[in-house]
Amino acid sequence: MDERSRLDAAFSEDAVIERMNRVTEALASFTASVVPLPYKGSTIEMFNRYVDFASTIWAEKLLEFSCGAVANFRERRYGIQAHCMRAVLENSAVLHHLLLDESFGKLADAWSRRLVSEATLRPAADRLHRFTHGNNFQWDALDSGHGKESELLGNARPTEGTVSQVKIGREAMAALTKTTPGARLLYNALCDMVHPNLGSNLMVLTTKTDRAACGQRQRSAGVRKEAVRWLGGIEIVLRDQSVPDLARLLQLKLK
């Protein structure tokens, strides 16, 4: 079998779906327990609870979006599949970016020397708090039931205590690209697919009398071939980066 044939076999529908099933099983293993949101604090016990909560909630999201990508691929809803895959990639990138923070290395070093203090524990705990609470929307204004329109649209100044989100492109995706070079290309393609651009138009095309056409929810074989390739790319990120990163996140616990 030549290289092209091996590549086609590796990215066949059956092969990609089988690998996605395995990776979703791996993700599900991180969600076996119900973990309550801990109160923010600077004790070792609180930090360990926060690690459990962060790993579980990220695994739940990756699992949900991964299953959504597969389900919509099966239903030939490639636009929704693209949205799910983009969510997988963004959450994978933020997870990887989190683990690169120097506060965790300093905390681990302090723990090994039995020198953990407020000064070493607080930065790591704050990092986890940003990881789980970062946002770009005034949720407090929405929850209160009487927020101004500008607040609901995110145009108001952040309220005291608001945690800024991680910048996806400039911070998270840049970090992921260093270990997974193809991630940036995949991300750019998925962004085009979910925005009102040519990419999203291609998701709903078919062919009719040798010309591009659309309508009656028909989809071309060419679009499906591309959709399975992108799904295969997402599986590689999940398998080689996200699942190991979830395991590394749990290893931050101080035992």
Please table the atom pairs, donor to acceptor, closer than 3.5 Å between any side-chain atom in residues 26-36 and protein atoms at least two apart or in another chain.
residue: Ser29; atom: OG; partner: Ala26; partner atom: O; Å: 2.5
residue: Thr31; atom: OG1; partner: Ala28; partner atom: O; Å: 2.8

Taking only residues two or more places apart in sequence or in another chain, which ones pass side-chain contact (heavy atoms from CB on, under 4.5 Å) with Leu185? none
Any residue meeting side chain to side chain donor-acceptor pair (under 3.5 Å) with Arg229, in chain and number order, not counting sequence neighbours: Glu226
Assess the side chains of Ser92 and Gln241: does a donor N or O sit below 3.5 Å from an acceptor N or O? no
Quick one: salt bridge (Lys or Arg N to Asp or Glu O under 4.0 Å) partners of Glu45, sequence neighbours excluded? Arg49
Sorted by chain and residue number, the side-chain contact (heavy atoms from CB on, under 4.5 Å) partners of Ala124 (sequence neighbours excluded) come out as Phe47, Ser103, Phe104, Leu107
Backbone of Leu254 reached by a side-chain donor or acceptor of Asn48 within 3.5 Å: yes
Rounded to the nearest 0.5 Å, how far apart are NZ of Lys106 and OG1 of Thr120? 10.0 Å
Test of understanding: with side-chain contact (heavy atoms from CB on, under 4.5 Å), list the residues that count as partners of His83, not counting sequence neighbours. Val194
With sequence neighbours excluded, residues passing salt bridge (Lys or Arg N to Asp or Glu O under 4.0 Å) with Arg184: none
Within the side chain of His97, is there an N or O that forms a donor-acceptor pair under 3.5 Å with the backbone of Ala93? no
Within residues 172-182 or reaching into it, pairs that qualify as salt bridge (charged side-chain N to carboxylate O under 4.0 Å, His left out) - sequence neighbours excluded: none
Give me each pair satisfying side chain to side chain donor-acceptor pair (under 3.5 Å) with a member in residues 51-67, each pair once, sequence neighbours excluded. Asp52-Lys253, Lys61-Asn91
Under the side-chain contact (heavy atoms from CB on, under 4.5 Å) test, which residues partner Val228, sequence neighbours left out? Glu13, Val16, Phe73
Salt bridge (Lys or Arg N to Asp or Glu O under 4.0 Å) with Asp109: which residues, sequence neighbours excluded? Arg113
Can Leu121 and Met46 be said to form a side-chain contact (heavy atoms from CB on, under 4.5 Å), step by step? CA-CA 10 Å; Leu121 192 56; Met46 194 66 68; over 6 Å; no
According to salt bridge (Lys or Arg N to Asp or Glu O under 4.0 Å), who are the partners of Arg239, at least two apart in sequence or on a separate chain? Glu235
Give me the atom names and distance for the closest heavy-atom approach of Ala54 to Leu249. C-CD2, 4.0 Å
Give the minimum heavy-atom separation between Trp111 and Arg114, together with the two atoms involved. O-NH1, 2.8 Å
